[in-house]
K.L.:
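My structure is below; once you've seen it, I'll send some questions.
This one's a predicted model, so the numbers in the text were calculated from it and none came from an experiment. In what follows, every heavy atom counts, from backbone to side chain, and hydrogens, waters and symmetry copies are set aside.
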Amino acid sequence: MRIDKFVEDLWIVVSKEVMDAVRDRRSMMAGLLFALLGPFVLAGVLKALIASEVEAGARPLHLVGASHAPGLVRHLEAAGVTLQASEDEPDSLLARSPGAVVLEVPAQAPDALAQGRTATLALWADMSNSDARRQAERVQALVAAFGAQLSGQRLLGAGVAPHHASALRLELRDMGGQGGRTALILGALPLFWLLGLFVGGSHVALDATGGERERRSLEALLAQPVGPGTLFIGKWLTASLFGYVSSAAALLLSVQALARLPLYEVGIAFAPDGAMLGQMLLILLPLALLVGALQCVVALHARTHKEGQIYLNLLQLAPMLLLVEELGSASPASAHLLPLLSQHAHLGALVSGQALAPQLVALSVVGCLGATALLLAFGSRRLGSERFVFGL
């Protein structure tokens, strides 16, 4: 077949499929609804988490018996804890303020410390409340640090150097930096964008293959002077186009939504520029072609629309595999040939502010395009088989 004839036939098929998909308002909106509403739902969840973190850090700590431990009061205030002194019983304070955290210093605590004995403090909190649990864990760490200072002073008073009391000391040196914290908080974004590829094109792929087969209009299409390979490629390009548009819209809208969130309040700076967005879109493109081909092949084997929906809904669970397996820095370079896993790793690196290795990106593109070519050859062969099309 001549190239110009193939291109002309392909353009006719793609135009027809796109027009059919646009006319089917229900299928089109089902694919784009994820991209239109998903980013704002995700932004709402992140906003609630940020507000919870900020509120938990600013919530006052009820301190009962503050006059018995002035040194502890100064230590907590220096750490940025807002104290609210009270002489009420801790249980009554918790009853009046559900979710509050109460630190109780007993009256005998100063005498116990003066005599070299251990003073027992009480921390009252409802650990089933997430905000109270976070605040209680922070107070526990601060009180433990203050206790370590008092232990060192006791050893010095006894003529013993404090470092003799512990044979080992472990210092935590966080090397993750701001990029690691950003990846921790925004780690769900790449998974969200990849899921858009599967959701956006599933209805179009099903209607163009399994739907045509159920309506018995596939035979009429095959009777036209267009090869089965051209027909399948046209359907594949249409499904890939809608999936890519859905994913790209989800990416761009989520970036716009996150730009309006106070991420700086939790120590995160995420403001991708045009170059980074372009890299993300290019990373998604080969996978969009592969997902479109896979959806068309799977939907082509469905005899009814409902059967095809079951198959494609199961296929949408594929991104969930990223929750149990992902590529890391220790993964071999050949692992980046694996579709979906490699794209998730590259998008995660961009989100955390890391630079991409061109050779790994090239492996990712080769893996996607190679798998796409195999699926196109298989789908074209199946579409050209009368035995398969007519179910003989």
K.L.:
Please give the remaining members of the hydrophobic cluster of Ile12, linking ILVMFWY side chains under 4.5 Å, ordered by chain and number.
P.N.:
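Under the 4.5 Å side-chain rule, Ile12 groups with nothing.
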K.L.:
Who passes side-chain contact (heavy atoms from CB on, under 4.5 Å) against Pro106, sequence neighbours left out?
P.N.:
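If we apply the side-chain contact (heavy atoms from CB on, under 4.5 Å) test to Pro106, skipping adjacent residues, the hits are Gln108, Ala109, Leu121.
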K.L.:
Which other residues belong to the hydrophobic cluster containing Leu337, where Ile, Leu, Val, Met, Phe, Trp and Tyr are joined when side-chain heavy atoms lie under 4.5 Å apart, directly or via other members?
P.N.:
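Result for Leu337 is Leu360, Leu363, Val366.
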K.L.:
Run through the side-chain heavy atoms of Ile, Leu, Val, Met, Phe, Trp and Tyr, join any pair under 4.5 Å, and report what else lands in Leu282's cluster.
P.N.:
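Listed partners: none, Leu282 stands alone.
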K.L.:
List the atom pairs, donor and acceptor, that lie under 3.5 Å between side-chain atoms in residues 37-44 and the rest of the protein, sequence neighbours left out.
P.N.:
none

K.L.:
So do the side chains of Thr209 and Leu383 get within less than 4.5 Å of each other, counting heavy atoms only?
P.N.:
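Result no, sub-4.5 Å side-chain heavy-atom pair not found.
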K.L.:
Suppose the criterion is ring-ring contact (aromatic ring centres under 6.0 Å, His included): which pairs have a residue in residues 64-123, not counting sequence neighbours?
P.N.:
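Sorted result for residues 64-123: His75-Phe146.
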K.L.:
Enumerate the salt bridge (charged side-chain N to carboxylate O under 4.0 Å, His left out) contacts for residues 275-297, please, sequence neighbours excluded, ordered by first and then second residue.
P.N.:
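Every candidate salt bridge (charged side-chain N to carboxylate O under 4.0 Å, His left out) pair involving residues 275-297 fails, so no pair, neighbours aside, qualifies.
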K.L.:
Which atom pairs, donor and acceptor, lie under 3.5 Å between side-chain atoms of residues 308-318 and protein residues at least two apart or in another chain?
P.N.:
{"unit_1": "Tyr311", "atom_1": "OH", "unit_2": "Glu307", "atom_2": "OE2", "d": "2.5"}
{"unit_1": "Asn313", "atom_1": "ND2", "unit_2": "Gln309", "atom_2": "O", "d": "3.0"}
{"unit_1": "Gln316", "atom_1": "NE2", "unit_2": "Ser202", "atom_2": "OG", "d": "3.4"}

K.L.:
Applying side-chain contact (heavy atoms from CB on, under 4.5 Å), name anything that partners Ala122, two or more places apart in sequence or on another chain.
P.N.:
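By the side-chain contact (heavy atoms from CB on, under 4.5 Å) rule, Ala122 matches Glu104, Trp124.
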K.L.:
For a side-chain contact (heavy atoms from CB on, under 4.5 Å) check, start with the C-alpha distance between Leu284 and Leu194, then their side-chain angles and the critical distance, and finish with the verdict.
P.N.:
CA-CA 8 Å; Leu284 289 171; Leu194 294 174; 3.7 Å; yes
K.L.:
Return the set of residues passing side-chain contact (heavy atoms from CB on, under 4.5 Å) with Ser240 (not counting sequence neighbours), or none when no residue passes.
P.N.:
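Residues passing side-chain contact (heavy atoms from CB on, under 4.5 Å) with Ser240: Trp236, Leu289.
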K.L.:
To which residues is Trp11 joined in a hydrophobic cluster, defined by side-chain heavy-atom contacts under 4.5 Å among Ile, Leu, Val, Met, Phe, Trp and Tyr, whether direct or through other members?
P.N.:
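Traced through the cluster, Trp11 reaches no other member.
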K.L.:
With sequence neighbours left out, what residues match Ala112 under side-chain contact (heavy atoms from CB on, under 4.5 Å)?
P.N.:
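Ala112: side-chain contact (heavy atoms from CB on, under 4.5 Å) contacts with Arg117, Ala119.
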